[in-house]
Amino acid sequence: MPKEVIAIAPRRLVFREYDEPPLKPNEIHMRSRLSAEKHGTTLALYRGLSPLNEKVYDSKLGLFFPKDSGRGWTASFPMHIGNITVGIITEVGNAVTNFKVGDRVYGYLPIKETHTVVENRVYSAPPELRDEELVCIDPAAVALIAIREGNVKIGEKVAIFGLGAIGLMAVQMAKISGSTLIISVEPFEKRRKLTLRFGADIVFDPKGCDVGLEIRKVTEESGVDVSIETSGSYQALHQAVRATRYGGTIVPVSWYHGEAKGLNLGEEWHFNRHTMVSGARVESEPYRDHPRWDRKRVYETVIKLLRQKRLDVDGILDPVVKFEDVIEAYRMIDDEPEKTIKLGVKYE
């Protein structure tokens with residue numbers, strides 16, 4: 001029987017066998033080849049730290065409520081983990097029109113050995129894109145929205161805080177957008193080294209300096225035009241505020257949780273008339289530049305940039321582990337994050 005990985009409680013994963021359901025006419029069956037995790041969103045849920053672990057969200061009102069309110073959507077254990085999976089179709093229902101057996105496809109699917117889903121939940125894999133590129137479409141899409149929401153223009157100076165997959169993609173997209181100075185901020189050496197290859201001009205370790213001050217020093221004391229914060233750290237968001245020039249823009253990409261310790265809005269934020277653009281999320285439609293841009297155009301643009309080899313994913317999937325080792329890999333992400341960037345899971 002095939003197996004899947006399930007979180008049964010905060011920080012507790014197990015392998016579970018399952019039976020694939022009978023194939024319906026509009027469904028496809030696929031065998032997984034490569035999966036990747038979304039370290040910010042999914043790991044917050046896995047750790048039990050997301051607001052959705054304790055509350056419910058009413059999307060109509062746009063408000064969170066207590067979990068016993070009986071309204072909205074929430075997250076609860078047991079739950080699947082994982083972000084994007086690439087696989088090969090092994091069977092199709094008799095009403096499926098877009099795919100055939102043997103096609104390589106990808107979609108937002110959890111970490112499990114096989115999947116049976118309706119055909120509109122997966123997408124045909126462009127033949128010129130590797131599996132590793134396909135599972136990086138999600139962070140690239142978020143990075144693209146962050147760059148666009150920050151309105152990064154030719155000649156501007158940009159600081160990117162946090163060099164996970166989204167941050168590393170944002171560095172590359174800032175360069176594509178014409179930024180003349182890209183500053184990266186990251187406490188982990190593995191990620192700092194990679195960002196230089198991806199186009200950053202200066203890299204700071206926030207453990208060893210006053211980042212806001214150092215960024216002011218290298219920008220003729222003015223600060224950057226745009227700061228993009230991808231780490232989920234309130235301290236990093238505070239330094240992003242400090243690093244951004246008067247009237248500049250700050251784009252918090254991460255899903256923050258807990259008390260905002262280390263973020264003081266009574267200091268630089270109060271004096272420097274910044275614009276903070278919240279929620280650089282692919283799902284948050286309509287976007288500020290609607291109707292010209294929608295989710296479909298975002299993904300089409302990311303795929304085109306990957307096809308043109310203007311985005312590099314080499315080194316972003318780290319570690320890449322066998323399916324049977326995925327539980328231990330999650331422990332490493334939790335206990336030794338300095339050794340990781342974005343988890344990849346291989347099934348073959």
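Only this structure's heavy atoms are used, side chains among them; waters, hydrogens and symmetry mates stay out. Here the structure is a predicted model, which means the values were calculated and not measured.
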SB check [X] [Y] (cutoff 4.0 Å):
| X | Y | value |
| --- | --- | --- |
| D103 | K100 | yes |
| D131 | R104 | yes |
| R130 | D314 | yes |
| E328 | K322 | no |
| R297 | E300 | no |
| R242 | E267 | no |

Practice prompt. Please determine which of I202, V203, V152, V171 meets the side chain to side chain contact (heavy atoms under 4.5 Å, CB included) test together with I182.
Written response: V171
If we ignore angles and hydrogens, is there a donor and acceptor under 3.5 Å between the side chains of [X] and [Y]?
| X | Y | answer |
| --- | --- | --- |
| S227 | T244 | yes |
| E220 | S222 | no |
| E27 | T116 | no |
| H290 | E285 | no |

How far does [atom1] of [X] sit from [atom2] of [Y], to the nearest 0.5 angstrom?
| X | Y | atom1 | atom2 | value |
| --- | --- | --- | --- | --- |
| E113 | F15 | CD | CZ | 8.5 Å |
| I176 | Q172 | CD1 | CD | 7.0 Å |
| F161 | E229 | CZ | CD | 7.5 Å |

Does atom [atom1] ([X]) have a neighbourhood of more than 12 heavy atoms from anything else shown, all under 6.0 Å?
| X | atom1 | answer |
| --- | --- | --- |
| E259 | CD | no |
| I154 | CD1 | no |
| E189 | CD | no |
| K296 | NZ | no |
| E221 | CD | no |

Fill in: Verdict with reasoning, H115 to V105, per side chain to side chain contact (heavy atoms under 4.5 Å, CB included)
CA-CA 11 Å; H115 297 269; V105 295; over 6 Å; no
A side-chain contact here means heavy atoms from C-beta on lying under 4.5 Å apart; do [X] and [Y] qualify?
| X | Y | value |
| --- | --- | --- |
| I183 | T219 | yes |
| E186 | T195 | no |
| N272 | R245 | no |
| V122 | N98 | no |
| L343 | M332 | no |

Worksheet item: At their closest point, which heavy atom of K190 faces which heavy atom of K339, and how far apart are they?
Response: CE-O, 3.2 Å
Worksheet item: Of the non-hydrogen atoms in Y234 and G258, which two are nearest, and what is the gap between them?
Response: OH-O, 3.1 Å
Item to complete: May I ask you to decide if I81's main-chain N or O and T42's side chain share a donor-acceptor pair within less than 3.5 Å?
Response: no
Worksheet item: Is there a side chain to side chain contact (heavy atoms under 4.5 Å, CB included) between F204 and V218 once you walk through the steps?
Response: CA-CA 11 Å; F204 288 118; V218 299; 4.3 Å; yes
Worksheet item: Step by step, would you call V277 with R288 a side chain to side chain contact (heavy atoms under 4.5 Å, CB included)?
Response: CA-CA 10 Å; V277 184; R288 288 174 173 84; 3.3 Å; yes
Fill in: Working for side chain to side chain contact (heavy atoms under 4.5 Å, CB included), residues V117 and I28
CA-CA 6 Å; V117 295; I28 62 97; 4.0 Å; yes
Discussion item. Cation-pi check for Y18 against K112: NZ or CZ below 6.0 Å from the six-membered ring centre and within 45 degrees of the axis, yes or no?
Written reply: yes
